[in-house]
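Here is the structure we will look at.
Counting convention: from 1, in listed order, for ligands and their atoms alike.
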Amino acid sequence: MHIGIIGTGYVGLVTGACFAEFGVNVVCVDREEQKIAALNSGKLPFYEPGLATIVEKNLKKGLLRFTTRLSEAVGPSLVVFIAVGTPPRGDGSADLSYVEDVAKEVALNLEGYKVIVTKSTVPVGTGRRLKELIRENLEGREGSFDVASNPEFLREGSAIEDFMRPNRVVIGAESPQAIAILKDLYNPLYLIETPFVITDMETAELIKYASNSFLAMKISYINELSRLCERLGADVRTVARAIGLDRRIGPKFLHAGPGFGGSCFPKDTRAIISLARENGIDLKMIETSVLVNEEQKTLMGEKIKAAMGPLEGKTLAVLGLSFKPNTDDMREAPAITIIERLMGEGAEIRAYDPASIASAKKVLPKEVLYFQDPYEAARGANGLVIMTEWNELRNLEMDRMLKLLREPYFFDLRNIYEPARMREAGFKYYSVGRT
Ligand code: UDX
């Protein structure tokens, strides 16, 4: 089968590379010439474990191609995925102008039957609107087509695994032909008994928001509970583990921390709230989760200040900057808000991250100093903050760290170390929801 993918952002690129890995002929298109030139020489615009290898392999095999010409991606393809960005507008709603522009262009290049699929997270009703838009832009030419929704559930850092072994595949479409074609495309997953949810477009579009909002709620739930744990002298990790052992609750997404970030949860929660409001409904649980998340970031700054006293003239080493490990993505990373707050109080920041220094430089205040090594970042600092739980930060040499720090303050915002051991080692250790 031949497919086209429009947009070589995170979702488009992972989707294209993984389908090529399944043996599908994939043409990815993006209007950014530099990006396409880089991709054609095997260079990726972001870091994702395992992706470079499958891109390179399938480029060589000729199963994966990159172009700036949309017609090359649409012409030979039976399925065309739209995977361009849907950035949030000021009111939190999703900006659909890129998706709509692409749909019009696809219409102009449409010959023969094709299934046009939205992969980007789009507000409920978008699929139906695109159908109209494409029909209007056919300009009298022959061209039968169907529109479908096939939301992605890819976690950054584990995207390949999530694509190859997903919990489910959701397909929303009206026409049996479109459903059959998409099922055929996903046949390798069908063979490993992946559950398929086949539904209408509106339901498929809503599933994505509902899923991400629920996960965001779970995180805010445990973060809020961590505040009570701290007051009562309880241990949030044990609470989370024990409640998670109830299969109705499940153990995942119950790690207390500095708040959720990334390209999905903040954007999708705001978008579903705005979509619901437009339809006269207040999604109070999701609204509160967003609020709790904002508070959580503020509370991390307060925790540091309460322990260390006035921060004017003090230096903090911040280890880990990306919104989570195994990515260089700084979008809505809690590090941004927390570092700005600490600097606002007069602190100096010495930062280290294994992958995201280049992207951090674009979004953090210019006074932040960067280091290529966690120990160098810690040298002479009054305290250390673990912001992101990269594996390499889970086994720091504590004796060495203690000697390098001017004062032994240690703020473990991801609860990766044992409080008793850290205190024994000589640190003034603080974590989240554990006394
Ligand atoms: C998410 C969804 O998981 C994925 O299915 C969706 O399609 C895209 O959005 P991603 O944003 O890559 O993926 O990261 P995820 O692993 O879900 O983490 C999101 C944020 O929540 C991170 O900032 C992470 O640190 C935080 N988090 C996650 C917690 O604070 N505690 C947890 O228990 C889990």
Item to check | Step-by-step ring pair (Phe, Tyr, Trp, His ring centres under 6.0 Å) determination, Phe163 to Phe19 | outcome: CA-CA 9 Å; Phe163 191 97; Phe19 274 128; 5.1 Å; yes
Item to check | salt bridge (Lys or Arg N to Asp or Glu O under 4.0 Å) evaluation trace for Glu156 with Arg331 | outcome: CA-CA 12 Å; Glu156 291 185 24; Arg331 280 177 286 178; 3.7 Å; yes
Next on the checklist: Let's go through Tyr10 and Asp329 carefully: what are the C-alpha distance in whole Å and the side-chain angles of both, what is the deciding distance for side-chain hydrogen bond (donor to acceptor under 3.5 Å, both in side chains) to 0.1 Å, and is it a yes or a no?
Outcome noted: CA-CA 10 Å; Tyr10 193 81; Asp329 198 337; over 6 Å; no
Checklist entry - Given the rule in the salt bridge (Lys or Arg N to Asp or Glu O under 4.0 Å) test, do Lys324 and Glu389 qualify, once you have shown the distances and angles that lead to the verdict? => result CA-CA 7 Å; Lys324 64 180 221 175; Glu389 69 280 30; over 6 Å; no
Item to check | Arg421/Glu418 under salt bridge (Lys or Arg N to Asp or Glu O under 4.0 Å): CA gap, chis, key distance, verdict | outcome: CA-CA 5 Å; Arg421 277 226 206 131; Glu418 280 312 314; over 6 Å; no
Checklist entry - Checking side-chain hydrogen bond (donor to acceptor under 3.5 Å, both in side chains) for the pair Tyr98/Arg31: CA distance, chi angles, key distance, verdict? => result CA-CA 11 Å; Tyr98 300 112; Arg31 58 180 177 193; 5.0 Å; no
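When only non-hydrogen protein atoms are considered, atom 30 (O) of ligand 1 lies nearest to Ile219 CG2, 3.6 Å. Atom 6 (C) of ligand 1 has as its closest protein heavy atom Asn212 OD1, 3.5 Å. Of the protein's non-hydrogen atoms, the one nearest atom 14 (O) of ligand 1 is Lys324 NZ, 3.1 Å. In this structure, the protein non-hydrogen atom closest to atom 33 (O) of ligand 1 is His255 N, 2.8 Å.
Both the sub-6.0 Å distance and the 45° axial angle are satisfied by Lys361 relative to the ring of Tyr370.
Between Phe196 and Tyr190, the two ring planes are perpendicular [angle over 60°; tilted spans 30° to 60°].
The side-chain heavy atoms of Ile116 and Leu130, taken from C-beta on, include no pair separated by under 4.5 Å.
Below 3.5 Å of separation, one finds no N or O of Glu389 facing any N or O of ligand 1. Checked by distance only, ligand 1 and Phe323 come closer than 3.5 Å through their nitrogen or oxygen atoms. Ligand 1 has a nitrogen or oxygen under 3.5 angstrom from a nitrogen or oxygen of Leu254. Residue Gly261 has at least one nitrogen or oxygen atom sitting less than 3.5 Å from a nitrogen or oxygen atom of ligand 1, judged on distance alone. Between Arg155 and ligand 1, no pair of N/O atoms sits closer than 3.5 Å.
Applying the 4.0 Å criterion to heavy atoms of Lys208 picks out, from ligand 1, the atoms 7 (O). Counting atoms of ligand 1 from 1 in the listed order, those under 4.0 Å from a heavy atom of Leu154 are 4 (C), 6 (C), 7 (O), 8 (C), 13 (O).
Contacts with ligand 1 closer than 4.0 Å are made by no heavy atom of Ile222, backbone or side chain. Contacts of Thr388 with ligand 1, taken as heavy-atom pairs under 4.0 Å, are absent altogether. With a heavy-atom cut-off of 4.0 Å, Glu152 touches ligand 1 through backbone and side chain alike.
When Gln296, Arg414, Glu156 are ranked by how near their heavy atoms come to atom 12 (O) of ligand 1, first place goes to Glu156. Scanning Phe253, Phe265, Phe153 for the heavy atom closest to atom 2 (C) of ligand 1 points to Phe265. When Pro266, Pro166, Gly320, Cys264 are checked for heavy-atom proximity to atom 9 (O) of ligand 1, Cys264 turns out nearest.
The only option from Asp30, Leu44, Leu59 that meets the side chain to side chain contact (heavy atoms under 4.5 Å, CB included) definition with Leu39 turns out to be Leu44.
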